[in-house]
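Here's the structure, in structure tokens; my notes come after.
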Amino acid sequence: MWSRVLAAASLLAVCHAATTTVSLARRGSNLDPIAARSRMNIAYFGVIEIGTPAQNFTVCYDTGSSDLWVPSAQCTDIACTTHDQYDPSQSSSSALNDTRQGVPGFEIAYGSGDVVGYVVNDTVQIGSISLANQTFGAALEATSDFAQSSCDGLLGLAFPQIANEAGGSPPFWNMVNRKLLNNNQFSVWLNPNESALNAGEVVFGGINSNRYTGTLNMLNATPHSYWQSALGGLTVGGQNVSTNLTTAVFDTGTSIIVMNTPAAAAINAKIPGATYSKSAGVYTFSNCSLAGKPNVTFVLGGQNYSLAPSGYVLQQTSTSGATACYSAFTGDSGLNTTTILGVPFLRSYFTTYIYNGTTCLPPSTPQGGIPGAQFRVSTEAGSLLYEQVASCFAIGCYQ
Ligand SMILES: *[C@@H]1O[C@H](CO)[C@@H](O)[C@H](O)[C@H]1NC(C)=O
Ligand SMILES: *[C@@H]1O[C@H](CO)[C@@H](O)[C@H](O)[C@H]1NC(C)=O
Ligand SMILES: *[C@@H]1O[C@H](CO)[C@@H](O)[C@H](O)[C@H]1NC(C)=O
Ligand SMILES: *[C@@H]1O[C@H](CO)[C@@H](O)[C@H](O)[C@H]1NC(C)=O
Ligand SMILES: *[C@@H]1O[C@H](CO)[C@@H](O)[C@H](O)[C@H]1NC(C)=O
Ligand SMILES: *[C@@H]1O[C@H](CO)[C@@H](O)[C@H](O)[C@H]1NC(C)=O
Ligand SMILES: *[C@@H]1O[C@H](CO)[C@@H](O)[C@H](O)[C@H]1NC(C)=O
Ligand SMILES: *[C@@H]1O[C@H](CO)[C@@H](O)[C@H](O)[C@H]1NC(C)=O
Ligand SMILES: *[C@@H]1O[C@H](CO)[C@@H](O)[C@H](O)[C@H]1NC(C)=O
Ligand SMILES: *[C@@H]1O[C@H](CO)[C@@H](O)[C@H](O)[C@H]1NC(C)=O
Ligand SMILES: *[C@@H]1O[C@H](CO)[C@@H](O)[C@H](O)[C@H]1NC(C)=O
Ligand SMILES: *[C@@H]1O[C@H](CO)[C@@H](O)[C@H](O)[C@H]1NC(C)=O
């Protein structure tokens with residue numbers, strides 16, 4: 001399964017032939033629909049090592065943000081003390097710039113909670129890739145929203161343009177800048193089978209072609225902020241739904257599909273049995289039957305991406321063991337024309353995120369080709385286009 005990746009590497013001797021696969025675990029399926037709105041509640045997580053000797057942290061792999069942070073040993077908030085905490089004084093490779101009062105500090109508001117702390121450099125090991133002098137955040141304060149999280153911290157995979165931590169690039173972008181990858185891309189597979197032990201994987205530097213079938217459809221990721229694409233339209237059961245949505249963001253850190261309130265109402269109105277629950281803030285079903293429910297289809301790059309009812313009827317198991325179901329399509333009054341395609345979408349479609357652009361150069365510099373980045377979403381038919389993806393032309397930026 002790795003032959004394509006290895007072949008590409010041998011042709012490009014200038015590149016280090018690194019790919020690494022991080023297996024992800026997942027928290028159980030007893031998601032409370034209110035908690036499901038919080039970014040950290042759905043958890044596709046894996047272990048990273050920080051420092052020398054290694055301090056281990058479980059981080060959520062989040063394509064919907066750009067910073068790496070873990071709790072600091074100095075943090076006394078419950079969200080920190082219930083998790084592993086980073087102690088730079090126990091690491092011979094740490095380069096500590098400041099503590100709370102100094103610069104650069106960092107502060108991130110995720111919507112579900114806030115994190116504040118200092119920025120530090122240390123060696124970060126992700127799979128087989130070691131990043132010396134990786135800049136990350138050590139949280140001194142984290143709101144209690146994070147206390148229940150399966151993850152100690154977050155590993156953001158979106159663009160550096162929306163990173164909050166000054167002083168260095170986020171991990172994936174450091175891999176790119178330091179030419180550590182044989183392809184400047186990472187791939188995300190989330191197992192559609194919720195009961196399987198292997199919940200998902202992130203492959204840095206390549207693609208696991210066992211994880212999808214058919215063509216990878218290219219989408220332009222512009223502007224460089226989130227991994228986002230133009231949304232061409234929306235149908236439910238083959239009928240157009242009129243919304244003002246124009247943009248789709250791909251986000252492993254959101255457990256539902258979120259959009260402005262009227263758009264969510266318009267979709268759910270076409271799904272038999274979906275009833276708005278004011279207390280839960282989601283559309284619920286009186287039972288979990290999938291029968292008679294239509295597909296909901298997003299048009300991306302001219303292709304139809306359908307979510308079958310099994311993909312959007314989400315189950316919640318209460319502590320008493322009762323199962324209730326609700327619709328993944330959720331309204332949020334804070335959203336304008338962007339819809340966030342979270343885990344229900346990414347469990348249905350494989351995605352790979354490719355950086356082959358030159359945005360670090362001054363805008364006046366002729367760039368050639370399609371500047372920027374693309375990402376691809378698998379469809380069901382056709383042939384693999386992977387070989388056409390440019391490899392290893394990372395430009396040393398940010399340093
Ligand atoms: C840290 O994680 C690595 C890789 O998962 C593992 O081999 C190692 O034993 C862990 N170390 C500690 C102290 O838990
Ligand atoms: C910490 O960072 C600030 C701002 O970048 C810089 O002025 C200061 O010299 C740095 N301190 C150390 C000890 O590197
Ligand atoms: C980290 O970066 C600083 C400043 O560029 C440098 O002095 C130091 O040697 C680097 N450390 C490692 C381990 O690369
Ligand atoms: C941290 O690393 C960044 C880039 O990796 C470097 O520019 C900066 O000087 C480093 N800071 C310290 C305190 O080593
Ligand atoms: C899902 O995974 C479970 C546990 O491995 C397995 O028993 C079941 O057959 C799988 N279901 C499907 C549809 O593959
Ligand atoms: C998408 O689905 C619509 C019907 O809902 C159909 O008319 C259209 O041809 C499909 N587009 C593609 C590219 O398959
Ligand atoms: C649905 O919307 C598409 C794209 O806007 C349009 O081409 C098509 O004619 C519409 N179909 C119906 C039945 O309104
Ligand atoms: C499940 O809910 C649907 C829609 O509300 C209803 O039509 C159906 O009869 C229900 N099925 C059962 C088994 O209760
Ligand atoms: C619904 O979508 C699934 C893919 O998620 C597809 O396999 C199925 O054929 C679609 N059904 C209809 C009626 O379009
Ligand atoms: C889209 O709809 C939302 C919700 O009604 C509204 O707040 C927003 O202003 C609309 N945006 C545009 C560009 O029409
Ligand atoms: C929604 O977006 C439109 C177009 O970008 C903008 O004009 C409008 O002010 C935005 N509305 C809100 C509530 O942010
Ligand atoms: C980026 O990749 C796309 C798709 O393979 C290709 O068309 C484009 O030319 C590449 N851009 C550069 C600058 O190589």
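In listed order, ligands and their atoms are each counted from 1.
The residue from Tyr61, Trp173, Tyr353 that alone fulfils the ring pair (Phe, Tyr, Trp, His ring centres under 6.0 Å) condition with Phe186 is Tyr353. A ring pair (Phe, Tyr, Trp, His ring centres under 6.0 Å) with Trp69 is found for exactly one of Phe146, Phe106, Tyr118, Phe136, namely Phe146. Among the candidates Leu154, Asp152, Val70, the single residue satisfying the side chain to side chain contact (heavy atoms under 4.5 Å, CB included) test with Val59 is Val70.
When hydrogens are left out, the protein atom nearest atom 5 (O) of ligand 1 is Val47 CG1, 4.2 Å; that is the closest non-hydrogen contact. Ranking protein heavy atoms by distance to atom 13 (C) of ligand 1, first place goes to Asn56 ND2, 4.5 Å. For atom 4 (C) of ligand 1, the closest heavy atom belonging to the protein is Glu49 OE2, 3.5 Å.
Expressed to the nearest 0.5 Å, how far CZ of Phe285 lies from CD1 of Ile271 amounts to 5.0 Å.
Counting only heavy atoms, the protein never gets under 4.0 Å from atom 9 (O) of ligand 8.
Near Arg178, meaning under 4.0 Å from any of its heavy atoms, are these atoms of ligand 4: 5 (O). Set against the non-hydrogen atoms of Ser286, the atoms of ligand 8 under 4.0 Å away are 2 (O), 5 (O).
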Listing, residues 256-269 side-chain donor-acceptor contacts under 3.5 Å, not counting sequence neighbours, or none:
residue, atom, partner, partner atom, Å
Asn260, OD1, Ala263, N, 3.0
Asn260, ND2, Asn244, OD1, 2.8
Asn260, ND2, Asn336, O, 2.7
Asn268, OD1, Ser327, OG, 2.7
Asn268, ND2, Ala264, O, 2.9
Asn268, ND2, Phe329, O, 2.9

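Note: no N/O pair closer than 3.5 Å links Ser289 and ligand 8 by distance alone. Ligand 4 has a nitrogen or oxygen under 3.5 angstrom from a nitrogen or oxygen of Asn121.
Listed by chain and residue number, nothing satisfies the ring pair (Phe, Tyr, Trp, His ring centres under 6.0 Å) test with Phe57 (two or more places apart in sequence, or in another chain).
Across all non-hydrogen atoms, the minimal contact from Gly206 to Ser187 is O-OG, 2.6 Å.
By the 4.0 Å heavy-atom criterion, Pro272 is excluded from the residues contacting ligand 8.
For Thr143 (side chain) and Asp114 (main-chain N/O), a donor-acceptor pair under 3.5 Å exists by modelled atom type.
With a 4.0 Å cut-off on non-hydrogen atoms, Thr135 touches ligand 4 through its side chain and not its backbone.
Comparing heavy-atom distances from atom 14 (O) of ligand 8 across Thr275, Leu290, Asn287 singles out Asn287 as nearest.
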